[in-house]
Amino acid sequence: MSSIQFFGWEAFYDEDRHLQANQEAKSGRHYTMYHGTSVQQARQIIRSGFKQSADGMLGPGVYVSRDQKKAERYPLRSQPTDRIVLKLSVDCGKIKKIDKDNHPMQKTWNSHGYDTAWVPPNCGMKAVPSGLEEDCVFDPVRIEVTDIALAPNMTILTELKQLIAQNQKAPTNSNTSGTCTVCKLKVGPAHAVQLCWGCGETICALMIKHKCDRY
């Protein structure tokens with residue numbers, strides 16, 4: 001019997017994170033979303049996290065979208081040189097679809113036990129003339145900045161990416177229960193990690209990529 005050499009792997013593990021904006025959102029999932037803001041506010045958000053707005057079309061919360069084009073419109077009436085689009089990982093929790101004007105839960109969905117309100121694209125709501133998908137997340141703790149999707153120039157892009165990297169290394173008081181320390185995926189109860197039998201690096205079977213340094 002011939003021996004098998006282990007070199008590593010590369011996988012595509014999406015967990016519905018990149019569900020298209022026109023697809024039905026599912027409760028209890030993490031999604032990639034976007035938030036448009038100013039350069040200065042982007043710095044503040046990366047350093048200190050999001051803050052809940054006092055009100056809005058869907059009531060208090062943080063307004064985000066799975067459609068990057070929607071986020072690129074904000075802040076409204078600002079110059080393109082002062083627009084940043086943050087790429088986010090959002091723990092949506094329980095989702096309520098709001099798809100018509102004067103919906104009975106349009107601003108009270110959270111008091112009914114929902115964590116996120118979702119406005120589907122092209123649903124006809126007058127408050128969304130663009131017809132682009134929109135979400136409101138009640139608790140800012142459910143949102144993590146993972147990258148910069150759009151910046152006015154390379155200098156600002158590099159600065160903000162460095163801030164994100166520094167923030168990810170900093171200690172945090174957020175609840176990381178159920179998050180693997182190696183693959184960073186939230187998979188319910190923490191799962192086992194092990195040493196690569198080739199190079200000895202700590203690995204997890206759900207890692208997107210591992211290249212064994214021994215070979």
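Looking at residues two or more places apart in sequence or on another chain, you find a side chain to side chain donor-acceptor pair (under 3.5 Å) between D115 and R142. Residues passing the salt bridge (Lys or Arg N to Asp or Glu O under 4.0 Å) test with R47, sequence neighbours excluded: none. Listed by chain and number, the residues in a side chain to side chain contact (heavy atoms under 4.5 Å, CB included) with Q106 are M57, L58, I98, H103, M125 (sequence neighbours excluded). A search for side chain to side chain donor-acceptor pair (under 3.5 Å) contacts involving N102 returns nothing, not counting sequence neighbours. By the side chain to side chain contact (heavy atoms under 4.5 Å, CB included) test, Q44 is found to be paired with S48, residues two or more places apart in sequence or in another chain being considered. Remark: Q79 engages no residue in a side chain to side chain donor-acceptor pair (under 3.5 Å) (not counting sequence neighbours). Scanning for side chain to side chain donor-acceptor pair (under 3.5 Å) contacts around D147 gives K161, with sequence neighbours left out.
For the pair V119 and C123, the tightest heavy-atom approach, listed with the atom from each and the gap, is CG1-SG, 3.7 Å. When every heavy atom of G56 is checked against every heavy atom of K107, the shortest pair comes out as O-CE, 3.0 Å. Listed here is the closest heavy atom pair of D135 and W118: OD2-CD1, 3.2 Å. When all heavy atoms are compared, the tightest approach of I84 to P152 is CD1-CD, 3.5 Å. Counting all heavy atoms, side chain and backbone alike, A151 lies closest to I148 at CB-CG2, 4.1 Å. Taking every heavy atom of both residues into account, P129 and K126 meet most closely at CD-O, 3.6 Å.
L132 is not connected to Y31 by any chain of hydrophobic side-chain contacts under 4.5 Å among Ile, Leu, Val, Met, Phe, Trp and Tyr, and they are in different clusters.
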- Query: What do the steps show when you test E144 against L88 for side chain to side chain contact (heavy atoms under 4.5 Å, CB included), and what is the final call?
  - Reply: CA-CA 6 Å; E144 177 186 1; L88 317 168; over 6 Å; no
- Apply side-chain hydrogen bond (donor to acceptor under 3.5 Å, both in side chains) to the pair E133 and S65, showing each step before the final yes or no. CA-CA 6 Å; E133 188 257 16; S65 178; 2.9 Å; yes
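Of the possible donor and acceptor atoms, none in the side chain of Q52 sits under 3.5 Å from a partner among the backbone N and O of D139. One N or O on the side chain of S111 and one on the backbone of T108 form a donor-acceptor pair closer than 3.5 Å.
A distance of 12.0 Å separates CD1 of I45 from CG of N167, quoted to the nearest 0.5 Å. Distance CH2/W109 to SG/C136: 4.0 Å, rounded to 0.5 Å. In this structure, L157 CG and N153 CG are separated by 8.5 Å, a value rounded to the nearest 0.5 Å. The CG atom of N110 lies 9.5 Å from the OG1 atom of T116; values are rounded to the nearest 0.5 Å. A distance of 10.0 Å separates CG of D91 from CD1 of I143, quoted to the nearest 0.5 Å. From T32, atom OG1 reaches atom NZ of K87 across 5.5 Å, with rounding to the nearest 0.5 Å.
No cation-pi contact links R66 to Y34, judged by a cut-off of 6.0 Å to the six-membered ring centre and 45° from its axis.
Side chains of M105 and K96 form a contact here, defined as non-hydrogen atoms less than 4.5 Å apart.
Sorted by first and then second residue, the pairs that involve residues 40-64 and meet ring-ring contact (aromatic ring centres under 6.0 Å, His included), not counting sequence neighbours, are H35-F50.
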Sequence neighbours excluded and cut-off under 3.5 Å, please list the side-chain donor-acceptor pairs for residues 69-77, or say none.
residue	atom	partner	partner atom	Å
K70	NZ	E134	OE1	3.0
E72	OE2	Q68	NE2	3.0

